[in-house]
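Here is the structure we will look at, set down as structure tokens.
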Amino acid sequence: MPTFVYMTSCDGCGHCVDICPSDIMHIDTTYRRAYNIEPNMCWECYSCVKACPQNAIDCRGYADFAPLGHSVRALREEEKGTISWKIKFRDGNEKNFVSPIRTTDWGTIQSPSDYAAPGADDYKSQELAHEPDALNIEGGLPALTPEQLKEGVV
Ligand code: SF4
Ligand code: SF4
């Protein structure tokens with residue numbers, strides 16, 4: 001299920017409009033409240049759900065963490081730097097967990113323009129641009145040796 005907005009909670013701040021990668025959260029010009037203009041184009045990415053300061057947006061959880069019949073609520077608390085998740089299953093069980101809004105300090109992520117331009121050899125590499133540095137892994141990405149592929153990893 002894509003997002004929908006509880007109109008009585010929304011104050012029309014527009015944060016969901018700014019953050020939606022599909023550009024489908026719009027403000028209704030009559031009611032000054034947000035709504036999803038194209039539900040079948042919603043990725044259920046939760047960006048708007050997490051950005052909404054009024055907790056006014058609901059969305060289906062992904063099947064891998066919340067099976068059918070559940071409800072899921074996300075609460076972003078900027079002052080604590082956390083997002084709290086509450087999942088209620090159809091048998092009544094609840095799971096609550098808290099995750100950091102981000103794991104790196106604001107402003108510390110390098111922009112692509114901060115890295116050197118790729119050389120001719122970089123185009124032959126299987127690594128993506130800025131790997132492995134951007135993953136904070138020294139000495140190359142972990143890989144299986146031909147022996148491990150034959151024998152299996154123990
Ligand atoms: Fe847009 Fe993602 Fe919100 Fe869907 S869940 S409306 S794609 S921000
Ligand atoms: Fe309404 Fe929340 Fe969107 Fe702001 S972020 S416009 S309160 S739904």
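Every value quoted in this text rests on a predicted model; they were computed, and no experiment measured them. Every number for a ligand or one of its atoms is a count from 1 in the order of the listing.
- H70 and F89 have their aromatic ring centers separated by at least 6.0 angstrom.
- The nearest protein atom to atom 1 (Fe) of ligand 2, hydrogens excluded, is given as C10 SG, 2.3 Å; this is a heavy-atom distance.
- Under the 4.5 Å side-chain heavy-atom criterion for Ile, Leu, Val, Met, Phe, Trp and Tyr, V49 and Y35 are members of distinct hydrophobic clusters.
- Near Q54, meaning under 4.0 Å from one of its heavy atoms, ligand 2 places the atoms 7 (S).
- Counting the atoms of ligand 2 from 1 in the order shown, those under 4.0 Å from a heavy atom of A34 are 3 (Fe), 6 (S), 8 (S).
- Within the 2.8 Å limit, C13 places at least one N, O or S atom next to atom 4 (Fe) of ligand 2.
- Taking a cut-off of under 4.0 Å to the non-hydrogen atoms of G12, the atoms of ligand 2 that pass are 1 (Fe), 6 (S).
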- side chain to side chain contact (heavy atoms under 4.5 Å, CB included) between I87 and S71: does it pass, once the steps are laid out? CA-CA 6 Å; I87 302 168; S71 74; over 6 Å; no

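- Ion pairing between a basic and an acidic side chain is recognised when a charged N comes within 4.0 Å of a carboxylate O; R73 and D58 show such pairing.
- When only non-hydrogen protein atoms are considered, atom 6 (S) of ligand 2 lies nearest to G14 N, 3.2 Å.
- Shortest contact from atom 3 (Fe) of ligand 2 to any protein heavy atom: C16 SG, 2.3 Å.
- Contact annotation: for I57 versus ligand 2, heavy atoms closer than 4.0 Å belong to the side chain alone.
- Here CG of L141 is found 10.0 Å from CD of Q126. Values are rounded to the nearest 0.5 Å.
- With values rounded to the nearest 0.5 angstrom, H15 atom NE2 is found 8.0 Å from D11 atom CG.
- Distances under 2.8 Å from atom 4 (Fe) of ligand 1 pick out the protein N/O/S atoms C42 SG.
- Side chains of K86 and V72 form no contact here, defined as non-hydrogen atoms less than 4.5 Å apart.
- In this structure, the protein non-hydrogen atom closest to atom 7 (S) of ligand 2 is D11 OD1, 3.3 Å.
- Closest approach of E127 and P132 over heavy atoms only: OE1-CD, 3.6 Å.
- Rounded to the nearest 0.5 angstrom, M41 CE and N36 CG are separated by 10.5 Å.
- The CD1 atom of I101 sits 4.5 Å away from atom CZ of R76, with the distance rounded to the nearest 0.5 Å.
- By the 4.5 Å heavy-atom criterion applied to side chains, I57 and C16 are counted as neighbours.
- Contact annotation: for C52 versus ligand 2, heavy atoms closer than 4.0 Å belong to both the backbone and the side chain.
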